[in-house]
Undergrad: 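Below you'll find the structure I mean.
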Amino acid sequence: MQSQVTALYRHPVKGFTPERLDQVQLSAGACFPCDRLYAVEDGPSGFDPDAPAHISKMKFTVLAKIPRVAKARTAYDEATGVLTAAAEGQPDFAGDLRGAAGRRGFEAWLAGLLGDEASGPLRVVEGPGDYRFMDSRSGYVSIVNLASVRDLAARLGRPVDPLRFRANLYVEGWPAWVENDWTGRAMRVGQARAEVLKPIVRCAATHVDPVTAERDIEVVKALFEHYGHMLCGIYLNVEEGGAVREGDGVAVV
């Protein structure tokens with residue numbers, strides 16, 4: 001199968017704006033670079049940075065819990081640690097998330113945006129070392145097959161924005177849903193080599209339109225009704241690092 005990477009995205013703050021990249025350097029055993037570095041607690045989560053362990057996404061300000069999060073448009077500067085944020089009706093924000101002042105500033109800005117939809121108090125937390133705030137304990141790098149998304153859209157009779165699935169890599173050239181049977185297979189992605197860990201079980205975050213912030217499609221229900229599963233995308237574990245660029249080939253071996 002001739003297939004290629006059509007887009008690469010990172011999500012520096014869990015639940016917030018995907019940021020498109022031209023290329024990335026994947027490392028063995030590591031998550032996608034600069035992905036889910038931070039999360040915002042919606043009330044105490046129990047996360048301990050000295051002993052980081054997997055925490056349910058529902059402890060944070062994520063789309064599955066608070067659709068209004070999609071109203072925020074954020075961008076992160078990895079070199080300076082500065083996050084910028086904008087939303088209709090809100091003053092623009094810019095602050096360094098590496099410091100207490102910047103974190104408190106973003107918490108206050110976000111509280112103004114979310115209002116009583118947040119349980120609060122809101123608190124920015126950072127993943128120490130290599131820890132990242134992934135939905136799955138084994139969700140290192142995620143890939144979505146664009147043909148699968150188009151097939152779902154055809155069944156629904158309406159467009160489905162692939163960004164609902166918040167993947168790191170989007171791939172063109174595979175038949176729809178073929179990826180669900182690839183657990184344990186080896187894969188070449190650009191110059192990197194990886195193992196397919198498992199398909200991704202989807203949640204209510206996919207119900208939210210990433211542009212309007214409205215819950216407008218029950219994607220999980222639609223997946224089950226049309227296919228008998230709730231899957232879309234796969235997780236990879238990178239076994240041999242390498243560069244991946246938009247347009248690079250992807251091969252299952």
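Only a predicted model underlies this, so the values are computations on that prediction, with no experimental measurement involved.
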Undergrad: Run E179 and W182 through side chain to side chain contact (heavy atoms under 4.5 Å, CB included) and show every step you take.
TA: CA-CA 5 Å; E179 67 276 16; W182 285 346; 3.8 Å; yes
Undergrad: Can you give the donor-acceptor pairs under 3.5 Å from side chains of residues 191-199 to other protein atoms, not counting sequence neighbours?
TA:
unit_1: R193; atom_1: NH1; unit_2: E239; atom_2: OE1; d: 2.7
unit_1: K198; atom_1: NZ; unit_2: S136; atom_2: OG; d: 3.1
unit_1: K198; atom_1: NZ; unit_2: S138; atom_2: OG; d: 3.4

Undergrad: Got a second to check how far I55's CD1 is from M134's CE, nearest 0.5 Å?
TA: 15.0 Å
Undergrad: Nearest heavy-atom pair of D161 and P210: which atoms, and what distance?
TA: OD2-CG, 3.5 Å
Undergrad: Counting distance only, does the side-chain N/O of R73 pair as donor-acceptor with the main-chain N or O of A70 below 3.5 Å?
TA: yes
Undergrad: When clusters are formed by joining ILVMFWY residues with side-chain heavy atoms under 4.5 Å apart, either directly or through shared neighbours, do V252 and V244 land in the same one?
TA: yes
Undergrad: Identify all side-chain donor-acceptor contacts of residues 12-20 below 3.5 Å with residues at least two apart in sequence or on another chain.
TA:
unit_1: K14; atom_1: NZ; unit_2: F133; atom_2: O; d: 2.9
unit_1: K14; atom_1: NZ; unit_2: D135; atom_2: OD1; d: 2.5
unit_1: T17; atom_1: OG1; unit_2: A72; atom_2: O; d: 3.3
unit_1: T17; atom_1: OG1; unit_2: T74; atom_2: N; d: 2.8
unit_1: T17; atom_1: OG1; unit_2: T74; atom_2: OG1; d: 3.3
unit_1: E19; atom_1: OE1; unit_2: R10; atom_2: NE; d: 3.0
unit_1: E19; atom_1: OE1; unit_2: R10; atom_2: NH2; d: 3.0
unit_1: E19; atom_1: OE2; unit_2: Y76; atom_2: N; d: 2.7
unit_1: R20; atom_1: NH2; unit_2: T6; atom_2: O; d: 2.9
unit_1: R20; atom_1: NH2; unit_2: E246; atom_2: OE1; d: 3.3

Undergrad: Mind listing the closest non-hydrogen atom pair of R245 and Q23 along with its distance?
TA: NE-OE1, 2.9 Å
Undergrad: Check whether D248 reaches the backbone of V5 with its side chain - one donor and one acceptor, N or O, closer than 3.5 Å.
TA: no
Undergrad: How close do R185 and V253 get, counting heavy atoms only, and between which atoms?
TA: NE-O, 3.5 Å
Undergrad: With a 3.5 Å cut-off and no angle check, do the side chains of Y227 and N180 form a donor-acceptor pair?
TA: no
Undergrad: When you check the gap from the basic side-chain N to the acidic O, do E117 and K71 get nearer than 4.0 Å?
TA: no
Undergrad: With a 6.0 Å cut-off on ring centres, are Y140 and F32 close enough?
TA: no
Undergrad: Examine V160 and L63 and state if one hydrophobic cluster contains both, with Ile, Leu, Val, Met, Phe, Trp and Tyr joined whenever side-chain heavy atoms are less than 4.5 Å apart.
TA: no
Undergrad: Given W109 and E107, is the side chain to side chain contact (heavy atoms under 4.5 Å, CB included) satisfied, shown in steps?
TA: CA-CA 5 Å; W109 183 89; E107 292 159 5; over 6 Å; no
Undergrad: Run through K59, K57, K65 and flag the one making a salt bridge (charged side-chain N to carboxylate O under 4.0 Å, His left out) with D42.
TA: K65
Undergrad: Given 3.5 Å as the limit, does a donor-acceptor pair link the side chain of N145 with the main chain of P175, or not?
TA: yes
Undergrad: Give the C-alpha distance, both sets of side-chain angles, the deciding distance and a yes or no for side chain to side chain contact (heavy atoms under 4.5 Å, CB included) between I200 and S142.
TA: CA-CA 8 Å; I200 302 172; S142 58; 3.8 Å; yes
Undergrad: Membership question, hydrophobic clusters at under 4.5 Å side-chain separation (ILVMFWY): are V125 and L83 in the same one?
TA: no
Undergrad: Between Y131 and F47, does a ring pair (Phe, Tyr, Trp, His ring centres under 6.0 Å) hold up when you go through it step by step?
TA: CA-CA 12 Å; Y131 181 89; F47 179 72; 5.2 Å; yes
Undergrad: Which heavy atom of A176 sits nearest a heavy atom of A147, and at what distance?
TA: CB-O, 3.7 Å
Undergrad: Is there a side-chain contact between L97 and F106 in this structure, where contact means two heavy atoms from C-beta onward sitting under 4.5 Å apart?
TA: yes
Undergrad: Hey, could you give me the CZ/CD distance between R132 and E126, rounded to the nearest 0.5 Å?
TA: 8.0 Å
Undergrad: For A87 versus L113, what's the shortest heavy-atom pair and its separation?
TA: CB-CD1, 3.8 Å
Undergrad: Is it the case that the side chain of R164 and the backbone of H207 share a donor-acceptor pair, with hydrogens and angles ignored and the cut-off at 3.5 Å?
TA: yes
Undergrad: Is a side-chain N or O of S3 found less than 3.5 angstrom from the main chain of V250, in a donor-acceptor match?
TA: yes
Undergrad: Quick one: NE2 on H226 to NZ on K221, what's the gap to the nearest 0.5 Å?
TA: 10.0 Å
Undergrad: Grab the two heavy atoms, one from E41 and one from P44, that are nearest each other, plus how far apart they are.
TA: OE1-CA, 4.2 Å
Undergrad: Would you say V208 ends up clustered with V219 if hydrophobic residues are merged whenever their side chains have heavy atoms under 4.5 Å apart, either directly or through other cluster members?
TA: no
Undergrad: Consider side chain to side chain contact (heavy atoms under 4.5 Å, CB included). Of Y235, F165, W174, which one does I143 pass it with?
TA: W174
Undergrad: Is there a side-chain contact between V171 and V144 in this structure, where contact means two heavy atoms from C-beta onward sitting under 4.5 Å apart?
TA: no
Undergrad: To the nearest 0.5 Å, what is the distance between CE (M230) and SG (C232)?
TA: 13.0 Å
Undergrad: Rounded to the nearest 0.5 Å, what's the gap from CG on D35 to CG on L8? Could you check?
TA: 11.5 Å
Undergrad: What's the verdict on side chain to side chain contact (heavy atoms under 4.5 Å, CB included) for L122 and T61, showing C-alpha distance, side-chain angles and the deciding distance?
TA: CA-CA 8 Å; L122 303 180; T61 56; 3.8 Å; yes
Undergrad: CG/N168 to CG/L26 distance, rounded to the nearest 0.5 angstrom?
TA: 8.5 Å
Undergrad: Report yes or no: do L231 and L156 belong to one cluster of Ile/Leu/Val/Met/Phe/Trp/Tyr joined by side chain heavy-atom distances under 4.5 Å?
TA: no
Undergrad: May I ask you to decide if G99's main-chain N or O and R104's side chain share a donor-acceptor pair within less than 3.5 Å?
TA: no
